[in-house]
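Working notes, beginning with the structure itself.
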Protein chains: 4
Amino acid sequence: MAKGLNKVMLIGHLGNDPEMKVTTSGQSRVTFTLATNENFKDNNGNLQERTEWHRIVVWAKLAEICSQYLKKGRQVYVEGRLQTRSWDDPKNGEKRYTTEIVCSDMQMLGGAREQGGGTSSESSSQGYERQQSPHDYPSPPTHPSVPMLENDKDDLPF
Amino acid sequence: MAKGLNKVMLIGHLGNDPEMKVTTSGQSRVTFTLATNENFKDNNGNLQERTEWHRIVVWAKLAEICSQYLKKGRQVYVEGRLQTRSWDDPKNGEKRYTTEIVCSDMQMLGGAREQGGGTSSESSSQGYERQQSPHDYPSPPTHPSVPMLENDKDDLPF
Amino acid sequence: MAKGLNKVMLIGHLGNDPEMKVTTSGQSRVTFTLATNENFKDNNGNLQERTEWHRIVVWAKLAEICSQYLKKGRQVYVEGRLQTRSWDDPKNGEKRYTTEIVCSDMQMLGGAREQGGGTSSESSSQGYERQQSPHDYPSPPTHPSVPMLENDKDDLPF
Amino acid sequence: MAKGLNKVMLIGHLGNDPEMKVTTSGQSRVTFTLATNENFKDNNGNLQERTEWHRIVVWAKLAEICSQYLKKGRQVYVEGRLQTRSWDDPKNGEKRYTTEIVCSDMQMLGGAREQGGGTSSESSSQGYERQQSPHDYPSPPTHPSVPMLENDKDDLPF
DNA sequence: TTTT
DNA sequence: TTTT
């Protein structure tokens, strides 16, 4: 039973193919980034677009589904909870913080035909291997220097 | 018009009194931290409590309201959008990132009397007493003539 | 796996004590009504209050919890899905429709002490006092070294 | 300022083209039905699909947008609040109730190309006239015998 | 009455 | 880094 509410709901497009890892404890864990776009008026009344990037983490069976069916550019609905975890910067030992959305529900939006996602067999054949270049996301965890959590017992599914 | 969805909904308690600033452009801006508590079972099946801390930012008129009525310990509902902004670490010039919830709606929960919060006399004098007379409830279920479902197999839990 | 989204989130006060039934199939099922209050401006710009009544249905274990801890007047958060079911008016055999919220999550709000609700001694002894010490907040903003944004034009209200 | 929460969030497909009316007070008002689909396991553990139909009401500028861009089959995200309004059954004068979602935000999902929605000029050319056969929705309001609200001052935009 |  |  929860004693509060910690809920995030996003609709956006994947910025990269999902990256799957299996933790040392045998849990499937997928991460990807999600862009949400928003129009707003600036100080001069001109319409502007703002893009916000979110780091999504998915565990267990839902992780397998994400790995199998999602790819870069796909539009999805993601529901989850906010979680900020800390890690030590290996360069100087300082504490750093990263906020992620731990995903508990995911919906693929639009039809597969438009997503360029081909047949599901294709999708499933490219799940794990394709995600080698996450050198772009501004978040520490995807930098080579940032240790991923993998044994963190506090970071278990839910 | 938005082109995506970026929504956060929290129920928790303030970790500190709201801090008000007025920006150089004259905008009111309030920040506070919010703790959401959650119970979950650990690997051994034991019930654990997890507290997550969130950084809330509020602007304009809603900021004034937060500044005036909220204080440390108060339970609130906060709705907003996720925003990650970057800043340069003055120590070494490195880019750092902070994720905040930009609040667009706020509800004070519980009665003012329990919160120990400020000028609560008006609030407490009109709280929820008025809603206890649902003798005007418009739905059939309260009419004796409406059969309740009890065997409807389609209406199972979920 | 869901293929769409059907979500309702309410914060309001119970209009009556929960009514528990056990279905013929042995399932626990609780119903109650919930009032949500909203302020709005009418055509003349005067502030008005609108109360909306909702019919809540809860199943299984969560039903037992509702039955045990909730009572008329109590403030709660309810999450669920919309469901419209039909029934035959016994007077004339016409089809009628009732829309309910099938509750999948519930949070008691405010402290038990204010709610006048039952066995609240444990609850009140551990309520929200524990969350007032955010001295472990992991976020930069509480560190003196983190500059706040104040002039960022992109960070205007919304 | 609201004093509670009354929020509905749906992702589904339109069951019919939006129907536009202009109220006697000059307000634009659009209605359509939305189907949300859900998979669930029945008592025997078999995967079943459940479809829930929702009645959506949109006012003012957002109504115009819905009228112009949405059509039957289109996938959308709808956010709004629950509202149950009553009307008198003309056959026998009995009070009847209809629950609707008063929409405050709408997002078109998937690309227009997949929706078969053609160019926006086509869409806009068919907005108002095409919706003559709503004789299907199980809700009273669309039956010829059910008076639509049009002058109800309580049912103003928001 | 939608969609996959 | 996404999308329209």
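Per chain, numbering begins at 1; letters A, B, ... match sequence-line order. Heavy atoms only: backbone and side chains are in, while hydrogens, waters and symmetry mates are out.
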Check: Is a side-chain donor-acceptor pair under 3.5 Å present for C:Thr84 with D:Trp53?
Finding: no

Notebook entry, point to check: Taking atom C1' of F:dT1 as reference, at what distance in whole Å does atom CZ of A:Arg55 sit?
Noted result: 14 Å

Margin query: Heavy atoms from C-beta onward define the side chain here; which of E:dT2, F:dT1, E:dT4 lies closest to that of D:His13?
Written below: E:dT2

Note to self: Looking only at the side chain of C:Lys3 (C-beta and beyond, no hydrogens), which of the listed nucleotides F:dT2, E:dT1, E:dT3 gets closest?
What the structure shows: E:dT3

Next item on the list: Could you walk me through whether A:Arg81 and A:Val8 pass the side chain to side chain contact (heavy atoms under 4.5 Å, CB included) test, one step at a time?
Entry: CA-CA 5 Å; A:Arg81 63 179 172 82; A:Val8 180; 5.9 Å; no

Notebook entry, point to check: Ignoring hydrogens and angles, are the base of E:dT2 and the side chain of D:Asn37 linked by a donor-acceptor pair under 3.5 Å?
Noted result: yes

Item checked: Separation of atom CG in D:Asn16 from atom P in E:dT1, rounded to whole Å -> 11 Å

Next item on the list: Take the protein atom CG of A:Leu10 and the nucleotide atom P of F:dT1, then report the distance between them rounded to whole Å.
Entry: 21 Å

Next item on the list: Can you tell me the distance, in whole Å, between the CD1 atom of D:Ile65 and the C1' atom of F:dT4?
Entry: 15 Å

Margin query: If we count only N and O atoms by modelled type, under 3.5 Å, do the side chains of A:Ser28 and A:Trp59 hold a donor and an acceptor together?
Written below: no

Next item on the list: Would you kindly give the OH-to-P distance between B:Tyr97 and F:dT1, to the nearest whole Å?
Entry: 13 Å

Margin query: Rounded to whole Å, please give me the gap between CG in D:Leu109 and C1' in E:dT2.
Written below: 13 Å

Item checked: Side-chain H-bond candidate by donor/acceptor type, A:Thr36 with A:His54, under 3.5 Å -> yes

Notebook entry, point to check: Contact class for D:Thr51 vs. all strands (heavy atom < 4.0 Å): base, sugar-phosphate, or nothing?
Noted result: base

Checklist line | d(CZ, A:Phe40; P, F:dT4) in whole Å | finding: 20 Å

Next item on the list: For the side chain of A:Glu49, starting at C-beta, report the closest nucleotide among F:dT3, E:dT1, E:dT2.
Entry: F:dT3

Check: Of the nucleotides E:dT2, F:dT2, F:dT3, which has the atom closest to the D:Trp53 side chain?
Finding: E:dT2

Next item on the list: Check A:Gln107 against C:Gly4 and note the closest heavy-atom contact, atom names and distance.
Entry: OE1-N, 3.3 Å

Notebook entry, point to check: For the pair made of CE in A:Met108 and P in F:dT2, what is the distance, rounded to whole Å?
Noted result: 21 Å

